[in-house]
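Naming: A, B, ... by sequence-line order, numbering from 1 per chain. The figures that follow rest on heavy atoms only: side chains count, while hydrogens, waters and symmetry mates do not.
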Amino acid sequence: MNLRQFAFAAGILAALTAPAFADKTVNVLYVSNNPGQVAIWEKIAKDYEAAHPGVKVDLKSLENEAFKAKLPTMLQADESRPDLFYSWGGGVMQAQDKAGFLKDVSKDVASWESELSPTAVDAFKVDGKVVGVPFQVGEVVFYYNKKLFEKAGVKAEDIKSWDDFLGAVKKLKAAGITPLVVGAGEKWPMHFYYSYLVMRIGGEHALADAKAGKDGGFKNGTFVEAGKRLQELAALEPFQPGYLSTSHAQSAGIFGDGKAAMDLMGDWLLAMQGPNATDGKGLAPGDIGILSFPVVPGGKGQATDTLGGINGWLVSKSAPPEAVDFLKFFSQEKYAKEVAAQAAYIPVNKGSESGFTDPLFKRLADDLAKTTYHQNYFDQDLGPSVGRVINDASVAVAAGQQTPEAAAAAIQEAADQQ
Amino acid sequence: VRRYWRLVFLAAVTFAEAQPTAPAHAEPARRMSLNGWAIVVVFLPPALLLFTVFVFLPIAEAGWYGFFNWNGYGRPEKFIGLKNYGYLFANPTFTRSLINNAIIIVFSLLAQLPLALAVAVMIAGQVIGAVWFRMIFFLPYVLADVAAGVIWHFMFDGDYGLAGAVTTALGAPPYFLLADKTWAFSAVLIVVLWKYFGFHMMLYIAGLQGIDGALLEAAEMDGATPFQRFWHITLPLLGPMIRLSIFFSVIGALQLFDIIVPLTGGGPFETTNTMVSFLYFFGLTRMRIGFSSAVGVVLFIICVTFAFGYQRIVMRDD
């Protein structure tokens with residue numbers, strides 16, 4: 001790979017495509033491989049331009065890894081800095097704020113932030129000040145194959161606790177069905193298990209306390225206990241053979257092929273399982289069910305605590321007032337309704353769950369509306385450095401390569417080195 | 001990253017080669033005409049500027065960043081001295097990456113190059129279909145590294161891939177080489193062999209075609225066996241090409257990266273990283289720019305030491 005050359009070429013491209021400065025332009029940089037989502041954004045941008053003559057909204061996209069590699073450089077210079085850019089919140093956003101690249105828009109957003117989910121709004125605050133506006137939330141759940149459950153005699157509604165879940169895994173295994181599929185080759189899919197276990201065992205303060213270094217930080221009982229539970233699951237050999245080298249896309253295909261009963265994943269799995277299946281179609285939506293992560297007996301977390309991404313637009317320090325005005329326009333309820341009707345993604349506007357007709361998305365939107373505590377992905381929340389160590393540790397613990405104690409110590413060590 | 005390092009090497013190598021011969025050119029240079037000076041004044045600054053901005057400054061900057069705990073945002077401010085180097089050498093994954101690089105080098109020298117030489121000797125002459133064989137063996141080299149990695153990732157897949165088809169045909173349980181922490185690295189070696197052996201074969205074929213046939217003919221008339229002809233005539237005359245191919249092979253092995261990412265992603269359990277993939281996975285993607293710079297400096301020192309040393313000692317007469 002040739003990062004330097006790529007950055008150079010992209011820089012030149014950005015310079016050449018810089019818009020004429022006769023009009024005001026709001027530059028937006030995003031990451032998305034969801035065509036439905038992009039289509040709606042483009043429509044909103046057009047509507048805004050029509051309603052505000054003289055203002056141009058310029059939507060540009062970058063591929064995920066390229067975005068992450070280029071953004072630090074782009075933010076350095078006024079010429080290349082986008083006015084609004086895509087964010088997952090968490091540690092990276094905090095680093096961007098600390099370096100002084102973000103704008104405090106608390107006052108501008110105050111009048112309309114109450115229309116959005118408070119958890120999502122909070123995810124784009126640093127030290128109490130608002131630096132961005134959320135547009136999307138997600139929930140990680142077990143998607144299950146109804147036919148395979150039926151074949152093994154497993155009833156989804158009976159799975160409430162961790163022990164019920166282990167029982168279901170055993171039953172599926174006995175019926176000759178692979179209970180779980182996971183793309184552990186990319187590591188982060190496995191960290192969903194570890195994260196949910198930490199949340200179910202330690203409750204809503206577990207991660208924040210560990211980050212603050214309370215009680216031995218990550219080495220405290222919660223993280224070690226979560227590792228032990230993960231090992232308990234792994235001991236049943238629930239994952240597809242060769243799971244350590246399976247990519248995320250392959251894992252979606254295996255689920256789509258009906259070769260595994262459950263996949264702990266975000267809502268994009270529904271769009272991915274078809275195209276990645278051998279027949280290109282995958283499972284019919286009616287054959288897919290949703291199961292919340294079970295509660296762990298004696299744990300502080302509740303079944304209604306949710307884990308999932310929160311995405312938003314960050315406002316850069318040199319953004320013109322039009323950029324914030326555009327965000328207000330963007331966050332209107334009518335657009336959220338449109339997003340819901342098309343099941344393009346789950347918008348953060350309050351009450352938008354009623355707009356979904358797709359039953360699977362409706363279930364997720366309902367869960368998120370009723371959430372008792374919503375947690376951003378651990379690897380995003382902690383930032384790339386500690387986040388990737390959590391991902392590594394999740395795989396290593398599940399595969400019996402690292403003890404839960406050693407994994408917790410490795411996470412703490414990464415946190416100390418920051 | 002790779003292209004950039006290669007440029008550094010070319011520059012370093014050119015510099016090293018230019019030095020000993022400089023006195024010989026000193027005489028004409030002193031008497032350089034006005035026209036000659038004009039050429040220097042017009043053509044040197046752009047090249048010098050480009051070299052400074054895109055080669056020298058980045059190297060110097062990487063050296064500087066290596067002393068900081070820096071995530072790439074804003075200016076590097078947290079000076080931590082040599083701590084990044086401490087973390088680096090205490091990191092078992094880095095040690096493993098170094099060992100992996102060494103394994104690739106040894107494997108290249110002991111397996112890849114002899115095989116390339118053997119095939120080159122077989123198809124350098126007027127064998128039927130020689131052109132076709134050359135093309136077939138050379139094709140993998142033309143393929144993009146990333147594409148090769150993706151293709152082989154599927155080939156090794158125990159369910160859907162070629163590996164799966166083989167185990168099914170044999171009636172054996174599916175085997176996932178890329179998930180086997182003991183043997184996954186051999187997959188990397190297989191792909192490296194497959195991908196680059198054609199390039200070395202082509203070098204040798206070019207070398208073989210430069211050997212005067214009369215020498216071999218004369219030896220044959222004097223009663224030399226085919227082995228004697230190979231050992232005493234072909235091999236020594238191929239020397240410069242072999243030394244060049246070893247040079248490319250070692251530098252290529254040290255910089256191996258593109259194949260690793262799609263093939264194994266460094267896993268399972270970080271057993272298949274090379275130094276550059278370690279830099280990428282443990283530095284860049286974790287936004288530890290100071291730490292990655294330190295890795296880059298270590299890699300740079302190893303490569304430059306090898307490049308200069310090898311040029312000075314082994315390739316001196318070529």
* Does the side-chain contact (heavy atoms from CB on, under 4.5 Å) test come out yes or no for B/Tyr73 and A/Leu71, once each step is laid out? -> CA-CA 9 Å; B/Tyr73 282 112; A/Leu71 193 62; 4.1 Å; yes
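The shortest non-hydrogen separation linking B/Gly74 to A/Ala99 is N-CB, 3.7 Å. Scanning both residues, A/Pro384 and B/Thr285, for their nearest heavy atoms gives CB-O, 3.6 Å. For the residue pair B/Asn69 and A/Gln417, the shortest heavy atom distance occurs at ND2-O, 3.3 Å. Listed here is the closest heavy atom pair of A/Pro72 and B/Gly72: CB-O, 3.7 Å.
Heavy-atom distances place the side chain of A/Gln250, and not its backbone, under 4.5 Å from chain B. Neither the backbone nor the side chain of B/Asp180 comes within contact range of chain A, judged by heavy atoms closer than 4.5 Å. In this structure, the portion of A/Asp257 lying under 4.5 Å from any heavy atom of chain B is its side chain and not its backbone. Contacts of B/Phe154 with chain A are made by side-chain atoms alone, with heavy-atom separations under 4.5 Å and no backbone atom involved. With a 4.5 angstrom heavy-atom cutoff, B/Tyr87 touches chain A only via side-chain atoms. Neither the backbone nor the side chain of A/Thr246 comes within less than 4.5 Å of any heavy atom of chain B. Using a 4.5 Å cut-off between heavy atoms, A/Val386 does not touch chain B at all.
In the displayed structure, A/Lys98 atom NZ is contacted under 6.0 Å by at most 12 heavy atoms of other residues, nucleotides or ligands. When the shell of 6.0 Å around NZ of B/Lys181 is examined, it contains 12 or fewer heavy atoms from other residues, nucleotides or ligands. The environment of A/Lys219 atom NZ is sparse: at most 12 non-hydrogen atoms of other residues, nucleotides or ligands sit within 6.0 angstrom. Crowding of A/Asp279 atom CG: a count of heavy atoms from other residues, nucleotides or ligands under 6.0 Å exceeding 12. Within 6.0 Å of CD on A/Glu63 lie more than 12 heavy atoms contributed by other residues, nucleotides or ligands. Environment of CZ in B/Phe79: crowded, with over 12 heavy atoms of neighbouring residues, nucleotides or ligands closer than 6.0 Å. No more than 12 heavy-atom neighbours from other residues, nucleotides or ligands sit within 6.0 angstrom of NZ on B/Lys83.
Separating the NZ atom in A/Lys259 from the OH atom in B/Tyr160 is a distance of 3.5 Å, to the nearest 0.5 Å. The structure places CD of A/Gln401 at 10.0 Å from CD of B/Glu270, a figure rounded to the nearest 0.5 Å. Atoms CG and OG, on B/Leu177 and A/Ser245 in that order, are 8.5 Å from each other to the nearest 0.5 Å.
Within the 4.5 Å cutoff, no side-chain heavy atoms of B/Asp159 are placed close to those of A/Gln240. A/Val389 has its side chain within reach of B/Arg286: a pair of non-hydrogen atoms, C-beta onward, lies under 4.5 Å apart.
When each of B/Glu77, B/Arg288, B/Arg75, B/Lys78 is checked for heavy-atom pairs under 4.5 Å with chain A, B/Arg288 comes out on top.
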